[in-house]
There are 2 protein chains.
Amino acid sequence: MLNNKVRAHSLVDSVTERLEAAILSGELAAGSKLSELQLAMSLGVSRGPLREAIRRLEGRKLLERTTNIGVRVVALSRKDVSEILQVQEVLQGLACGLAAKHMSDADIDALEQVLTRYKHKPGKGEDYDSWDLDFHTRIIVGSGNERLSKMLTEEVNFLLKVHRSVAVTTRETALRVVEEHKQIIAALRRRDPVAAEAVMREHISHARIESLSAEFADDVTEAKKKTPAKKSGRVRAAKSVR
Amino acid sequence: MLNNKVRAHSLVDSVTERLEAAILSGELAAGSKLSELQLAMSLGVSRGPLREAIRRLEGRKLLERTTNIGVRVVALSRKDVSEILQVQEVLQGLACGLAAKHMSDADIDALEQVLTRYKHKPGKGEDYDSWDLDFHTRIIVGSGNERLSKMLTEEVNFLLKVHRSVAVTTRETALRVVEEHKQIIAALRRRDPVAAEAVMREHISHARIESLSAEFADDVTEAKKKTPAKKSGRVRAAKSVR
DNA sequence: ACCGCGCAAAGTGTCAACAGTTTACACATT
DNA sequence: AATGTGTAAACTGTTGACACTTTGCGCGGT
């Protein structure tokens, strides 16, 4: 212990975390413009630290700033999502391949327990999401490649979560997922990196196709935004939030 | 034409670009601490915009800030480089696989010309670097996946360039690279995504091994930094620059 | 000579005010 | 009525000053 150094974190750090959470939770809707003054007041800080926090998230491509106009939360286009999913596929594949080499037997046991503990109640709404997340997170961490882990969790998967395309999970897909997870575990047990990578890629690929085919409802999603957004001709994204 | 909108770019934008270039060129050495006041003065801006630019690069993991202490340019450890190279391998592989589907015949012709135009003068120092960069850039762009392109050029490859492990290019390796590039082109011509990805990964993998085996000279590299850096006991990174 | 204490200098964190740009609305014109 | 113009409000961009933290140095005690 005592390795974790206690550092007084600045306002910028706090604000960054707060914004990040707000974006993830949808409190700051994708595409919505945010007002510096209002946000600063509601967060109880001055514009300085807020602007710096915004800049940081800008560097992480979560926010976009247009000079003299303002800041808005990124809104991923179908093309963006498609492209990111392709990247996700190979990165998850890499993680799984590495995991086949680096995960301990105990780790794999734990992974399998995650699977068996869920197997009996498939398709249960939010349970499913957290379970699937847990399964994949264990493999990502198990890759032993910290950089890869951060890229996947903090960049790629984070962006996809922001977009959260209300993945409707039917009972069939849930069962298929369980089956594929089994295959992944089998490959890991065999310590077969090539197979592990291939199976994982196949698995992600399925989710990819599903996710994209559900994307036809994009305009519906748009209409669900907080602000009514009277669209007059051009598409006009939701206005200020909070 | 007229598609390129003319946006007045702010000081923060200019400063960000300047810093980015300075980091890439080594003007701001990896690991060196930078003073806000001095930097702001030498750039001719006040601390505000500079700090915001720093925050942005912080979000891109090019700079690291420690509260109340200061900002320093990232210094990649051997582990970091190794991990990033693994990621690079699969991403370049993906790009090449996609390129096999998306590149036009004309694109491939152009790519082949890059190769043949260089083939006759292999191993010529800086020529080699720009040639190799050109070759790979064409494939990355040819993938048609803009997100992937940006990830590779602005994140992964950028970080590796910052580290620039003085890749000594022997004549043998240059010849091998030419040979492998030929195979890549062949796979692209065959429109064989699987082979294209595999060959590219193999190719990158070779570079990876070479790069890492050259890393034993890390302390030498350290000593070559601008500031003499009197190391007293603990390793002490180069101090203020400019 | 060594260690600890405290003060001063330098540097970062935060803020509030000012300057410049955009946006929206009202008014005048055709 | 529709269109263009000008002005005011709102907002972003930038700055300089102030507060707090860290760092380095010197002094006195042991």
Side-chain angles (χ1 to χ4, degrees), chain A residues 5-19 28 32-59 63-73 227-242, chain B residues 5-19 28 32-59 63-73 227 229-234 236-242:
Chain A
K5 41 207 155 197
V6 301
R7 280 241 139 268
H9 62 182
S10 60
L11 281 187
V12 180
D13 291 327
S14 312
V15 172
T16 305
E17 286 178 27
R18 184 79 186 73
L19 287 181
L28 291 176
S32 65
K33 182 188 167 192
L34 34 88
S35 155
E36 291 184 4
L37 204 58
Q38 290 180 346
L39 241 187
M41 289 199 308
S42 75
L43 288 176
V45 298
S46 71
R47 283 177 55 220
L50 172 62
R51 281 178 63 95
E52 291 185 20
I54 290 173
R55 293 295 191 186
R56 214 196 278 181
L57 295 178
E58 211 180 317
L63 296 178
E64 283 171 343
R65 165 164 248 137
T66 317
T67 311
N68 285 322
I69 304 291
V71 186
R72 59 179 53 233
V73 182
T227 320
K230 47 193 177 184
K231 45 183 73 171
S232 56
R234 254 191 313 169
V235 176
R236 192 182 199 97
K239 287 195 72 176
S240 286
V241 172
R242 183 100 329 173
Chain B
K5 41 208 154 197
V6 292
R7 280 240 139 271
H9 63 181
S10 60
L11 281 188
V12 179
D13 291 327
S14 313
V15 172
T16 305
E17 285 178 29
R18 184 77 186 75
L19 287 182
L28 291 177
S32 66
K33 182 186 167 193
L34 34 89
S35 153
E36 291 184 3
L37 204 57
Q38 290 180 347
L39 241 186
M41 290 198 309
S42 76
L43 288 175
V45 298
S46 69
R47 281 177 55 218
L50 171 62
R51 282 177 63 95
E52 291 185 19
I54 289 173
R55 293 294 190 187
R56 215 195 279 181
L57 296 178
E58 210 181 319
L63 296 178
E64 283 171 343
R65 165 163 247 138
T66 318
T67 310
N68 285 320
I69 304 291
V71 186
R72 58 181 52 233
V73 182
T227 320
K230 50 198 171 176
K231 46 182 74 173
S232 56
R234 257 191 311 169
R236 193 183 197 97
K239 287 196 70 177
S240 287
V241 173
R242 183 101 330 171

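Treat the numbers as computed from the prediction; the structure is a model and nothing was measured. Side chains included, hydrogens not; waters and symmetry mates left out as well; all remaining heavy atoms used.
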Answer with base, sugar-phosphate or nothing: what part of the nucleic acid does [X] contact at a heavy-atom distance below 4.0 Å?
X	answer
A/S46	base
A/G48	nothing
B/P49	base

Pull out every protein N or O sitting under 3.5 Å from an N or O of nucleotides 6-12 of chain D, one pair per line with the distance.
from   : atom 1 : to    : atom 2 : distance (Å)
D/dT12 : OP2    : A/E36 : N      : 3.4

Which whole-number value in Å describes the distance from [X] [atom1] to [N] [atom2]?
X	N	atom1	atom2	answer
A/M41	C/dC15	CE	P	14 Å
A/L50	D/dG13	CG	P	12 Å
B/E52	D/dG13	CD	C1'	8 Å
A/D13	C/dT12	CG	P	16 Å
A/I54	D/dG13	CD1	C1'	13 Å

- Closest contact, heavy atoms only, A/L57 versus A/T16: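 Heavy atoms of A/L57 and A/T16 come nearest at CD2-CG2, 3.9 Å.
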- Message: Pair B/S10, B/D13 - check side-chain hydrogen bond (donor to acceptor under 3.5 Å, both in side chains), show working.
- Response: CA-CA 5 Å; B/S10 60; B/D13 291 327; 3.3 Å; yes
- So does A/E52 pair up with A/R55, basic N to acidic O under 4.0 Å?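 Result for this pair is no, no salt bridge flagged.
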- Excluding sequence neighbours, so at least two apart, what forms side-chain hydrogen bond (donor to acceptor under 3.5 Å, both in side chains) with A/E64?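 Testing A/E64 for side-chain hydrogen bond (donor to acceptor under 3.5 Å, both in side chains), a comparison that skips the adjacent residues, returns none.
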- Item | Residues that B/R47 engages under side chain to side chain contact (heavy atoms under 4.5 Å, CB included), provided they are two or more places apart |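 In terms of side chain to side chain contact (heavy atoms under 4.5 Å, CB included), with neighbours along the sequence ignored, B/R47 is linked to B/E36, B/L37, B/A40, B/R51.
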- Report the distance from atom CG of A/L11 to atom CG of A/L43, rounding to the nearest 0.5 Å.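 One finds 10.0 Å between CG of A/L11 and CG of A/L43.
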